[in-house]
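Contents: one structure, followed by commentary.
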Amino acid sequence: MSTPTNSPEDQERLIEALAGAWRPQDPRRIRFHPAFFDLDATGRAEAFERTAQLRQMEAALDPEGLSTTARAVILRIRGQNPAGFGS
Amino acid sequence: MTDVADLDRYLPAIAAGDARAFGAWMSEAEAPLRRSLRRFAAVVDTEAVLQEALLRTWQVAPRMTPDGRPDSLLRLAHTIARNLAIDETRRRRTVAVEPALMAEGIDEAERIEPRPPDPMLRRVIALCREKLPPRPGQALAARLGAGGRQPDAVLARALSMSHNAFLQNITRARKLLAACLRRNGVELEVP
């Protein structure tokens, strides 16, 4: 595995970016966030912890208790089958 | 009779195509599924894997036959997530360790146990959010509103922020919320 070297500021920015729920969409395969490839194992592990913390906060702030991960999945479901989504 | 703690209580509605029921199921299933991917965090994008696993769980739910044990859909989702993580690890050929070994040794109860949302957390975090400074509050609201639909660069532009400033404001919002929660006696769960 390559080990990218980032300044502390870049590392922090990349971790925060990876902790977001947006991911590139490709119906043929799973696409990783671009920031993933610019982080080393330590940065990726930190992003995992931060993501878990953020999702708890997001779910607690959401009227339906959904994190941005769950919202992103529902958007994909809606995109696949608009008529099948409970309104 | 289905136990109220058993997430399979949502299964009939999910199988009938009710995405709101699936949302309610995800609100309790997401955290344990994410925890189960922790060992893969250094080698695969666990958020991307988790979203794909949840989508596939929705797709197969109508054809699923419960096995009589609690949380059958959660256990299926766990298997899907684990297999996707192993496939992605193999596909990218980034580690010498056999990926299946990375998934072993995870305590079964820990990795699939659902936990209901904490009402105290919901109450306190709403008060904490009101105290956020404007820019961190706006950045957080943009992320919440987008629900993963748009990249941060697009959200930043809409707020007339640079991408870097947007991410710094997300960091500030997260840290301020966590500190406010701690001051009010609420600790977030450790993943």
Side-chain angles (χ1 to χ4, degrees), chain A residues 1-2 9 12-24 29-37 40-62 64-78 80-81 83-87, chain B residues 13 17-24 26-28 30-31 34-35 37-38 41-52 54-55 58-59 84 88 94-95 117-118 121-122 124-126 129 140 143-144 146-152 163-164 167-168 170-171 174 177-178 181 188-191:
Chain A
M1 187 190 316
S2 63
E9 294 78 16
E12 176 60 28
R13 179 177 56 80
L14 291 164
I15 290 170
E16 204 66 76
L18 185 57
W22 174 81
R23 291 297 181 272
R29 64 187 176 99
I30 295 175
R31 294 272 308 276
F32 289 5
H33 194 292
F36 178 86
F37 302 103
D40 59 14
T42 304
R44 293 169 182 176
E46 169 60 26
F48 178 86
E49 306 298 326
R50 197 173 295 187
T51 303
Q53 186 187 54
L54 263 173
R55 296 299 180 273
Q56 287 179 67
M57 291 179 177
E58 292 165 357
L61 287 167
D62 185 88
E64 295 175 79
L66 300 181
S67 73
T68 53
T69 296
R71 290 271 170 216
V73 172
I74 284 182
L75 284 168
R76 288 176 69 185
I77 289 170
R78 184 186 285 164
Q80 283 182 344
N81 182 18
F85 189 84
S87 56
Chain B
D18 182 346
R20 281 190 188 281
F22 191 62
M26 282 194 289
S27 73
E28 295 187 52
E30 179 186 332
R34 189 182 300 281
R35 276 198 300 277
L37 294 172
R38 177 186 220 141
V43 290
V44 301
D45 181 349
T46 52
E47 173 70 26
V49 167
L50 179 57
Q51 288 187 22
E52 183 67 22
L54 289 166
L55 183 65
W58 161 259
Q59 290 166 335
L84 282 174
E88 287 299 311
T94 51
V95 288
D118 178 355
L121 171 60
R122 288 183 72 85
V124 174
I125 202 168
R129 185 185 187 181
L140 179 67
R143 272 254 182 107
L144 291 171
R149 186 175 49 231
Q150 292 177 309
D152 289 335
H163 191 188
N164 277 354
L167 292 170
Q168 287 166 0
I170 290 290
T171 301
R174 179 176 50 76
L177 285 176
L181 288 171
L188 294 169
E189 279 181 34
V190 177

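Proteins come first, then strands; the chains are lettered A, B, ... in the order of their sequence lines, and each starts at number 1.
Formation of a donor-acceptor pair under 3.5 Å by the B/Arg38 side chain with backbone atoms of A/Glu49 is not found in this model.
Both the backbone and the side chain of B/Thr171 come within contact range of chain A, judged by heavy atoms closer than 4.5 Å. Using a 4.5 Å cut-off between heavy atoms, B/Ala178 contacts chain A through both its backbone and its side chain. Proximity to chain B is limited to the backbone of A/Arg31, based on heavy atoms less than 4.5 angstrom apart. Heavy atoms closer than 4.5 Å to chain A are found in both the backbone and the side chain of B/Glu52.
Side-chain contact between A/Arg13 and B/Gln168: absent, with no pair of heavy atoms (C-beta onward) separated by less than 4.5 Å. Considering only heavy atoms from C-beta on, A/Ile74 comes within 4.5 Å of B/Met26 through its side chain. Between A/Trp22 and B/Arg143 the shortest side-chain heavy-atom distance does not fall below 4.5 Å. When side chains are defined from C-beta on, B/Val44 does not count as touching A/Ile30, because their heavy atoms never get closer than 4.5 Å.
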- Query: Given the rule in the side-chain contact (heavy atoms from CB on, under 4.5 Å) test, do B/Arg34 and A/Thr69 qualify, once you have shown the distances and angles that lead to the verdict?
  - Reply: CA-CA 10 Å; B/Arg34 189 182 300 281; A/Thr69 296; 2.9 Å; yes
- Task: Take A/Glu58 and B/Arg174 through the salt bridge (charged side-chain N to carboxylate O under 4.0 Å, His left out) test and state the conclusion after the steps.
- Result: CA-CA 10 Å; A/Glu58 292 165 357; B/Arg174 179 176 50 76; over 6 Å; no
- With side-chain contact (heavy atoms from CB on, under 4.5 Å) as the test, would you mind laying out the steps for B/Glu88 and A/Phe32 before giving the verdict? CA-CA 10 Å; B/Glu88 287 299 311; A/Phe32 289 5; 3.7 Å; yes
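Ranked by heavy-atom pairs shorter than 4.5 Å toward chain B, the options A/Ala17, A/Ala21, A/Pro24, A/Gly20 are led by A/Ala21.
For the pairing with B/Glu47, the side chain to side chain contact (heavy atoms under 4.5 Å, CB included) check across A/Leu18, A/Thr68, A/Thr51 returns one residue only, A/Thr51.
Taking CG from B/Leu188 and CG from A/Leu54, the interatomic distance works out to 9.5 Å, rounded to the nearest 0.5 Å. Going from atom CG of B/Leu50 over to atom CZ of A/Arg23 covers 10.0 Å, rounded to the nearest 0.5 Å.
Residues A/Phe36 and B/Ala42 approach most closely at CZ-O, 4.3 Å, considering heavy atoms. A pairwise comparison of heavy atoms in B/Phe22 and A/Ile77 identifies CD2-CD1, 3.7 Å as the closest pair. A pairwise comparison of heavy atoms in A/Ala60 and B/Leu121 identifies CB-CG, 3.7 Å as the closest pair. Taking each heavy atom of B/Gly148 and A/Ala72 in turn, the nearest pair found is CA-CB, 4.2 Å.
Considering only residues two or more places apart in sequence or on other chains, A/Arg50 meets the side-chain hydrogen bond (donor to acceptor under 3.5 Å, both in side chains) condition with A/Glu12, A/Glu16, A/Glu46. With sequence neighbours excluded, the residues satisfying side-chain hydrogen bond (donor to acceptor under 3.5 Å, both in side chains) with A/Glu64 are A/Arg71, B/Arg20.
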